Asks: 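Handing you a structure now.
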Amino acid sequence: MTVKVAPSILSADFSQLGEEVRRVEEGGADWIHLDLMDGHFVPNLTIGPPVVASLRPHTTLPLDAHLMVDHPERLFEPLARAGADLVTIHAEAASHLHRLLEEIRQRGMKAGVALNPATSPRVLDYLWELLDLVLVMTVNPGLGGQSFIPAMLPKIRFIADQIKERGLPVELQVDGGINDKTAPRVIKAGATVLVAGSAIFGSGAGPGLIQAFKLAGSPPEKL
């Protein structure tokens with residue numbers, strides 16, 4: 001399995017955002033991950049739909065919007081107009097997850113659910129038919145550059161098994177502390193999409209690390 005890599009622009013140089021996105025696309029990125037934070041659900045305040053719209057002309061890659069916000073439904077229509085391809089909402093931020101996933105899909109976007117470290121994956125039990133993606137947070141959301149929480153590996157394995165047992169085309173995304181050391185561990189646990197911000201944009205490795213992540217998910221060559 002070759003994993004997908006979704007660089008998070010949270011760690012990019014915002015004065016050259018279009019160029020940063022083009023650079024990682026040329027380096028082999030599969031998606032562009034966009035962290036929308038409102039300063040309420042999480043302590044940080046980041047971007048909104050206008051930045052998503054401004055990036056759309058600069059890349060052909062899917063725009064993957066991760067909503068770390070209260071009342072995420074308020075952003076569905078603006079994000080659809082801005083050109084987002086996939087919208088992920090937090091289980092902890094929505095009282096009516098089933099309905100909100102339907103609303104995302106009705107606007108022509110793929111739908112995902114994100115789980116904070118302390119959230120049980122059992123919240124997904126009655127949502128599978130509406131899911132295109134599950135995002136496991138391996139740090140507490142809201143700030144970039146945090147350290148990976150190893151206790152999340154069993155959760156990743158459990159969700160990967162659930163997807164396999166059901167035979168569903170659901171991506172299993174992992175976000176938080178992903179680098180050259182942690183990437184092989186989450187891939188082994190069953191992750192199919194890796195989100196990395198500071199490891200890609202904040203290091204000298206840059207796009208070269210994208211290929212390293214992909215190789216970490218490839219089967220060894222036969223002798």
Side-chain angles (χ1 to χ4, degrees), residues 1-6 8 30-38 41-42 49 52 56 61-141 151-176 178 186-195 217:
M1 177 189 70
T2 301
V3 299
K4 296 181 178 70
V5 179
S8 168
D30 299 284
W31 300 353
I32 299 298
H33 189 79
L34 310 168
D35 291 305
L36 283 72
M37 308 182 193
D38 63 358
F41 180 69
V42 292
V52 180
R56 184 69 282 176
L61 295 180
L63 296 180
D64 166 31
H66 174 195
L67 307 190
M68 288 172 269
V69 303
D70 289 329
H71 306 292
E73 66 277 6
R74 296 174 180 172
L75 293 176
F76 295 166
E77 188 59 33
L79 284 170
R81 292 196 304 266
D85 298 281
L86 189 150
V87 171
T88 298
I89 58 177
H90 269 264
E92 307 84 8
S95 300
H96 304 284
L97 269 174
H98 194 281
R99 184 176 69 201
L100 295 189
L101 293 171
E102 287 181 325
E103 290 183 11
I104 293 169
R105 287 185 153 202
Q106 287 166 3
R107 288 169 171 80
M109 300 178 292
K110 292 184 177 181
V113 167
L115 305 177
N116 280 345
T119 301
S120 169
R122 284 300 182 184
V123 73
L124 306 172
D125 282 353
Y126 300 98
L127 301 172
W128 286 109
E129 76 277 9
L130 293 173
L131 290 172
D132 297 293
L133 176 143
V134 175
L135 167 54
V136 175
M137 294 301 301
T138 46
V139 298
N140 288 292
M152 294 302 101
L153 290 169
K155 181 192 282 191
I156 297 168
R157 281 192 290 269
F158 177 82
I159 296 171
D161 288 344
Q162 292 288 300
I163 293 169
K164 185 177 180 180
E165 287 173 11
R166 288 169 168 78
L168 295 171
V170 176
E171 299 279 12
L172 177 47
Q173 188 177 68
V174 177
D175 183 1
I178 300 300
V186 300
I187 293 168
K188 184 177 180 181
T192 62
V193 184
L194 305 184
V195 176

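Computed from a predicted structure; not experimentally measured. The analysis underlying the following values was restricted to heavy atoms, covering all of them including side chains, and did not include hydrogens, waters or symmetry mates.
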Asks: In Å, rounded to the nearest 0.5 Å, how long is the span from CG of D64 to CE of M109?
Replies: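 Rounded to the nearest 0.5 Å, the CG-CE separation comes out at 12.0 Å.
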Asks: How long is the gap from CG on L135 to CD1 on I159, to the nearest 0.5 Å?
Replies: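 Nearest 0.5 Å value for the CG-CD1 distance: 9.5 Å.
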Asks: Roughly how far apart are Q106 CD and L101 CG, rounded to 0.5 Å?
Replies: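 These two atoms lie 11.0 Å from each other.
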Asks: Sequence neighbours left out, what passes side-chain contact (heavy atoms from CB on, under 4.5 Å) with V193? Give chain and number order.
Replies: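 Listed in chain order: K4, A6, W31, E171, Q173.
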Asks: Listed by chain and number, what are the side-chain contact (heavy atoms from CB on, under 4.5 Å) partners of V69, not counting sequence neighbours?
Replies: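 Checked V69 against side-chain contact (heavy atoms from CB on, under 4.5 Å); matches are D38, L67, P72, L75.
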Asks: To the closest 0.5 Å, what do you measure between CZ (R99) and CD (E103)?
Replies: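 Separation between the atoms: 6.0 Å.
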Asks: For a quick test of your reading: what N or O donor-acceptor pairs under 3.5 Å do the side chains of residues 77-86 make, sequence neighbours left out?
Replies:
from	atom 1	to	atom 2	distance (Å)
E77	OE1	R107	NE	2.9
D85	OD2	R56	NH1	2.9
D85	OD2	L63	N	2.7

Asks: Drop me the distance from I178's CD1 to L194's CG, to the nearest 0.5 angstrom.
Replies: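 Between I178 CD1 and L194 CG, I get 6.0 Å after rounding to 0.5 Å.
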Asks: Minimum heavy-atom separation for T88 to A114, with atom names?
Replies: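 For T88 versus A114, the nearest heavy atoms are CG2-N, 3.6 Å.
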Asks: Got a sec, which residues hit side chain to side chain donor-acceptor pair (under 3.5 Å) with R105, two or more places apart in sequence or on another chain?
Replies: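 Counting only residues at least two positions away or on another chain, R105 forms a side chain to side chain donor-acceptor pair (under 3.5 Å) with D132.
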Asks: Can you name the nearest heavy-atom pair linking P117 to V139, along with the distance?
Replies: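 In this case the closest contact between P117 and V139 is CG-O, 3.4 Å.
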Asks: Where is the tightest heavy-atom contact between S8 and D35, given as atom of each residue plus distance?
Replies: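 That would be OG-OD2, 2.6 Å.
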Asks: Measure the shortest side-chain to side-chain distance between T192 and I163 over non-hydrogen atoms and say whether it is less than 4.5 angstrom.
Replies: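 They are not in side-chain contact.
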Asks: Sequence neighbours left out, what passes side chain to side chain donor-acceptor pair (under 3.5 Å) with T138? Give chain and number order.
Replies: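 Checked T138 against side chain to side chain donor-acceptor pair (under 3.5 Å); zero matches.
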Asks: For M68 and P141, work out which heavy atoms get closest and say how close.
Replies: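 So the minimum-distance heavy-atom pair works out to SD-CB, 3.6 Å.
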Asks: Which heavy-atom pair separates L172 from G190 by the least distance, and what is that distance?
Replies: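 Scanning both residues, the minimum pair turns out to be CD2-O, 3.6 Å.
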Asks: With rounding to the nearest 0.5 angstrom, report the CG to CD distance, L124 to Q162.
Replies: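 These two atoms lie 8.5 Å from each other.
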Asks: Just grab all the ring-ring contact (aromatic ring centres under 6.0 Å, His included) pairs involving residues 69-103, residues at least two apart or on different chains.
Replies: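 Listed once each, the pairs are F41-H90, H66-H90.
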